Amino acid sequence: MTFTPIELFDLSLPNKDQPVELDLPEGHTAILFVRKGSVAVGGGSNGKTGEKEEAAQTVGPQGVAVMEREGTTLRLAALVAGTQLLLLGGEPFVEPIAARGPF
């Protein structure tokens, strides 16, 4: 059982070079795991006039990308048809880690 909001997306991107945008809650921590294929993360414009377009980052098979907490939109585009991803996210605990007991 969890006591904080979480997100879990099991994504399949069947088409190559077709951007997909996902809305995530502001301030949540998110991690992307590429199960199969390859994906471009980010890229495009942030909508502000006069600013340069952001360059997309490539994440390959069994690759992991940790997202920044700023912003609410995650832009993805498959670089290989049939790309499969897991996106995990949630509200940060912001608690100290205390190791106790036998584990």
Side-chain angles (χ1 to χ4, degrees):
M1 176 184 257
T2 181
F3 296 102
T4 61
I6 62 169
E7 297 83 38
L8 170 62
F9 295 95
D10 184 359
L11 303 167
S12 180
L13 303 176
N15 302 319
K16 181 180 174 186
D17 297 326
Q18 182 177 356
V20 174
E21 291 187 351
L22 300 172
D23 291 324
L24 300 173
E26 177 75 35
H28 278 208
T29 301
I31 186 167
L32 179 74
F33 174 70
V34 179
R35 293 176 29 211
K36 177 182 170 187
S38 185
V39 69
V41 180
S45 171
N46 64 8
K48 294 182 181 177
T49 306
E51 289 199 13
K52 292 182 183 179
E53 286 197 6
E54 170 188 323
Q57 302 295 311
T58 300
V59 184
Q62 285 73 53
V64 173
V66 178
M67 306 297 124
E68 294 186 19
R69 293 187 194 166
E70 294 87 30
T72 59
T73 302
L74 177 61
R75 184 181 174 102
L76 306 169
L79 300 175
V80 176
T83 293
Q84 296 176 353
L85 315 165
L86 283 177
L87 179 64
L88 310 165
E91 185 178 312
F93 288 131
V94 192
E95 294 180 10
I97 297 172
R100 293 194 179 119
F103 48 83

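Everything numeric in this text was worked out from a predicted model, so none of it was measured.
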Chemist: For Q57, give me all partners under side chain to side chain donor-acceptor pair (under 3.5 Å), at least two apart in sequence or on another chain.
Modeler: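 Not a single residue meets the side chain to side chain donor-acceptor pair (under 3.5 Å) criterion with Q57.
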Chemist: Scan for side-chain hydrogen bond (donor to acceptor under 3.5 Å, both in side chains) pairs involving residues 58-68, sequence neighbours excluded, and state none if there are none.
Modeler: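 Pairs touching residues 58-68 that pass the test: none.
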Chemist: Once side chain to side chain contact (heavy atoms under 4.5 Å, CB included) is applied, do any residues pair with E91, and if so which ones, sequence neighbours excluded?
Modeler: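 With neighbours one apart ignored, the set is T4, P5, H28.
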Chemist: Give the table of side-chain donor-acceptor pairs shorter than 3.5 Å for residues 78-86, with sequence neighbours excluded, one pair per line with atom names and distance.
Modeler:
from	atom 1	to	atom 2	distance (Å)
T83	OG1	S38	N	3.3
T83	OG1	S38	O	3.2
T83	OG1	V80	O	2.6
Q84	OE1	R35	NH2	3.3

Chemist: Could you tell me which non-hydrogen atom of G42 sits nearest to which non-hydrogen atom of A56, and how far apart they are?
Modeler: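 Minimum heavy-atom contact is O-CB, 3.8 Å.
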Chemist: Tell me, please, which residues at least two apart from P14 pass side chain to side chain contact (heavy atoms under 4.5 Å, CB included).
Modeler: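 Not a single residue meets the side chain to side chain contact (heavy atoms under 4.5 Å, CB included) criterion with P14.
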Chemist: Using the side chain to side chain contact (heavy atoms under 4.5 Å, CB included) criterion, which residues pair with V66? Sequence neighbours excluded.
Modeler: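 Per chain and number, V66 pairs via side chain to side chain contact (heavy atoms under 4.5 Å, CB included) with I31.
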Chemist: Testing L87, V41, V59 one by one against L76 for a side-chain contact (heavy atoms from CB on, under 4.5 Å), which residue passes?
Modeler: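 Per the side-chain contact (heavy atoms from CB on, under 4.5 Å) rule, the option paired with L76 is V41, out of L87, V41, V59.
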Chemist: Side-chain heavy atoms under 4.5 angstrom apart, residues restricted to Ile, Leu, Val, Met, Phe, Trp, Tyr: same cluster for L32 and F9?
Modeler: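 Yes, it is one cluster - the side chains of L32 and F9 are joined through contacts under 4.5 Å.
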Chemist: Are L8 and V64 connected in a single hydrophobic cluster, I mean Ile/Leu/Val/Met/Phe/Trp/Tyr linked by side-chain heavy atoms less than 4.5 Å apart?
Modeler: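 Yes.
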Chemist: Could you list the residues that satisfy side chain to side chain donor-acceptor pair (under 3.5 Å) with T72, not counting sequence neighbours?
Modeler: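 T72: no side chain to side chain donor-acceptor pair (under 3.5 Å) contacts found.
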Chemist: For residues 19-27, run the donor-acceptor check on the side chains, cut-off 3.5 Å, and write out each pair with its distance to 0.1 Å, sequence neighbours left out.
Modeler:
from	atom 1	to	atom 2	distance (Å)
E21	OE2	R75	NH1	3.1

